[in-house]
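Working notes, structure below.
Chain letters run A, B, ... following the sequence lines, proteins first and then strands; every chain starts at 1. As the structure is a computational prediction, the values presented were derived from the model and not from experiment.
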2 protein chains.
Amino acid sequence: MPRTSDGDGTPVPQRLLAAATRLFAEQGYDRTSVQEIVEAAGVTKGALYHYFGSKDDLLHEVYARVLRLQQERLDTFADADEPVDKRLRDAAADVVVTTIENLDDASIFFRSMHHLSPEKNKQVRAERRRYHERFRALIEEGQQAGVFTKETPADLVVDYHFGSVHHLSTWYRPDGPLSPQELADHLADLLLRALRP
Amino acid sequence: MPRTSDGDGTPVPQRLLAAATRLFAEQGYDRTSVQEIVEAAGVTKGALYHYFGSKDDLLHEVYARVLRLQQERLDTFADADEPVDKRLRDAAADVVVTTIENLDDASIFFRSMHHLSPEKNKQVRAERRRYHERFRALIEEGQQAGVFTKETPADLVVDYHFGSVHHLSTWYRPDGPLSPQELADHLADLLLRALRP
DNA sequence: GGCGCCAGACTAACCAGTCGGTATGCCCGA
DNA sequence: TCGGGCATACCGACTGGTTAGTCTGGCGCC
């Protein structure tokens with residue numbers, strides 16, 4: 001009964017995406033063969049190339065999914081009806097929690113950018129920039145309002161914080177002493193303290 | 001006259017290392033063929049395998065060089081005869097400058113760890129940990145002395161800062177408005193402000 | 001009877017590492 | 001001072017294995 005799914009109920013494209021995400025995170029993009037992916041998803045190459053144009057395409061889909069999710073969440077927090085320092089704090093903490101919940105995505109995101117074709121890379125960078133700008137705007141708003149110090153350019157602060165978020169996939173261990181939320185609170189504290197006038 | 005160097009004066013092993021560093025940073029480890037490396041260095045495979053055991057070995061050498069340099073510099077700053085907040089500030093700013101001066105090394109470092117053989121990976125991690133501990137000790141010393149807040153565990157602060165340093169290779173552009181030193185000062189400021197009690 | 005969905009053999013390209021061979025300088029005995 | 005043995009430094013063709021992507025065909029639903 002071949003009809004976009006079998007065995008378990010999830011559709012083939014999603015199974016492929018899930019398998020690819022896990023394998024890319026574990027072994028890296030180049031070290032993962034298309035053969036491995038299709039075996040992990042319980043299908044064959046025919047299926048993969050039916051739904052995706054190339055291996056590169058598969059990677060691009062992973063990026064698209066992550067970007068969409070993060071942007072949505074940021075918008076939610078940034079648009080909330082709260083004082084700017086609370087909005088920033090919530091957004092900063094949320095991105096940490098979300099990243100931890102999708103650690104595979106995160107390690108792929110930063111480690112495999114250069115495997116995307118130039119045009120897809122450009123596209124991802126553009127979306128990434130939008131995200132960055134939104135976050136920066138939040139900080140600038142606080143700086144104008146006098147809630148945050150103006151000593152450090154907002155751009156730098158954003159990169160400082162996201163550097164640490166990016167780094168999470170390198171050192172965070174689920175069996176560590178801190179829950180994702182506790183960790184997120186700490187990191188958000190660091191950011192907010194660094195912004196204190 | 002083949003005798004460890006020719007054309008320019010630099011010895012062949014160093015030429016190979018330099019070529020490999022550049023290419024690994026530009027294209028990633030897997031995307032760089034041994035053939036490309038030897039061509040960039042102006043030799044052939046015979047030469048490469050004469051000096052290095054494997055492609056993996058070459059990568060390991062890059063890591064060894066970076067680790068040695070960073071550890072040396074950290075030790076210098078941490079052992080200085082200065083108050084703890086100045087020592088931390090200097091160390092934190094120096095690692096930024098050094099990283100910018102060797103951006104290729106930095107992007108390889110975090111992007112290609114998983115390409116090292118398991119045992120070499122372990123070795124690199126161990127050395128990395130030593131570095132981390134030294135830095136953490138500095139922060140803990142300040143916390144004990146009451147110069148830094150104890151609100152955030154020292155470990156976390158270290159990862160927070162190095163996350164941003166790591167991230168540098170992603171967004172830093174030499175033609176940007178800030179000199180490496182200015183940027184380093186800003187990032188060190190952020191760290192110190194986040195640690196203010 | 002056609003179309004979406006997929007299987008799996010096949011191909012053309014590439015790549016790390018090997019290996020037999022060559023060239024050069026150095027040491028040491030005669 | 002000569003020469004021959006030996007080590008170091010390197011060359012480049014070759015091999016065995018792997019890989020992304022193609023293509024032909026078949027199965028079942030509408």
Side-chain angles (χ1 to χ4, degrees), chain A residues 1-21 23-24 26-62 108 112 114-121, chain B residues 1-21 23-24 26-62 108 112 114-121:
Chain A
M1 69 203 60
R3 186 93 278 157
T4 76
S5 83
D6 64 354
D8 56 34
T10 37
V12 170
Q14 291 181 35
R15 289 223 309 276
L16 282 165
L17 218 45
T21 302
L23 290 168
F24 288 164
E26 271 171 20
Q27 327 178 349
Y29 178 79
D30 275 316
R31 305 288 249 239
T32 304
S33 69
V34 170
Q35 195 57 43
E36 278 179 284
I37 299 172
V38 297
E39 271 165 25
V43 292
T44 62
K45 283 191 173 192
L48 192 151
Y49 283 98
H50 178 71
Y51 290 109
F52 300 93
S54 63
K55 186 183 173 188
D56 179 89
D57 237 47
L58 207 47
L59 180 60
H60 185 67
E61 276 305 311
V62 176
I108 295 172
S112 303
H114 60 298
H115 291 132
L116 285 170
S117 69
E119 69 184 285
K120 282 178 192 150
N121 196 303
Chain B
M1 68 201 62
R3 188 95 277 158
T4 77
S5 83
D6 66 352
D8 57 35
T10 36
V12 170
Q14 291 181 35
R15 289 224 307 277
L16 283 165
L17 218 45
T21 302
L23 290 168
F24 288 165
E26 272 171 18
Q27 327 178 347
Y29 179 80
D30 276 317
R31 306 287 248 241
T32 304
S33 70
V34 170
Q35 194 58 42
E36 279 180 284
I37 299 172
V38 297
E39 270 166 25
V43 293
T44 62
K45 283 193 174 189
L48 192 152
Y49 283 97
H50 178 72
Y51 290 108
F52 300 93
S54 62
K55 187 184 173 188
D56 179 89
D57 238 46
L58 207 49
L59 180 60
H60 185 67
E61 276 305 309
V62 176
I108 295 172
S112 304
H114 60 298
H115 290 131
L116 284 170
S117 69
E119 67 183 288
K120 282 177 190 148
N121 196 304

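- Atom-to-atom, CZ of A:Phe52 to C1' of C:dC5 comes out at 14 Å; the value is rounded to the nearest Å.
- Between the OG1 atom of B:Thr44 and the NE2 atom of B:His50 there is a distance of 11.5 Å, given to the nearest 0.5 Å.
- The distance from the CG atom of B:Asn121 to the NE2 atom of B:His60 is 10.5 Å, given to the nearest 0.5 Å.
- The CG atom of B:Leu48 sits 17 Å away from the C1' atom of D:dT8 (whole-angstrom rounding).
- The shortest non-hydrogen separation linking B:Ser112 to B:Leu59 is O-CD2, 3.9 Å.
- Contact between the side-chain N/O atoms of A:His50 and the OP1/OP2 oxygens of C:dC6 is not found at any separation under 4.0 Å.
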Nucleotide-resolved protein contact map, nucleotides 13-18 of chain C, B/S/- at heavy-atom distance under 4.0 Å: --SBBB
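- Partners of A:Tyr29 according to the ring pair (Phe, Tyr, Trp, His ring centres under 6.0 Å) rule, which considers only residues two or more places apart in sequence or in another chain, are A:Phe24, A:His115.
- Here the P atom of nucleotide D:dA20 and the CG atom of A:Asp57 are 14 Å apart, to the nearest Å.
- Atom-to-atom distance recorded for B:Gln14:CD and B:Thr21:OG1 is 11.0 Å, nearest 0.5 angstrom.
- Rounded to the nearest 0.5 Å, atoms OG1 (A:Thr32) and CG (A:Leu23) are 5.5 Å apart.
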Side chain to side chain contact (heavy atoms under 4.5 Å, CB included) evaluation trace for B:Lys120 with B:Asp57: CA-CA 9 Å; B:Lys120 282 177 190 148; B:Asp57 238 46; 2.8 Å; yes
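- Put simply, CD on B:Glu36 and CD on B:Gln27 are 4.5 Å apart, with the number rounded to the nearest 0.5 Å.
- Comparing the helix axis at one end of the helix from C:dG1-D:dC30 to C:dA30-D:dT1 with that at the other, each defined from 5 consecutive pairs, gives an inter-axis angle of 10° (nearest 10°).
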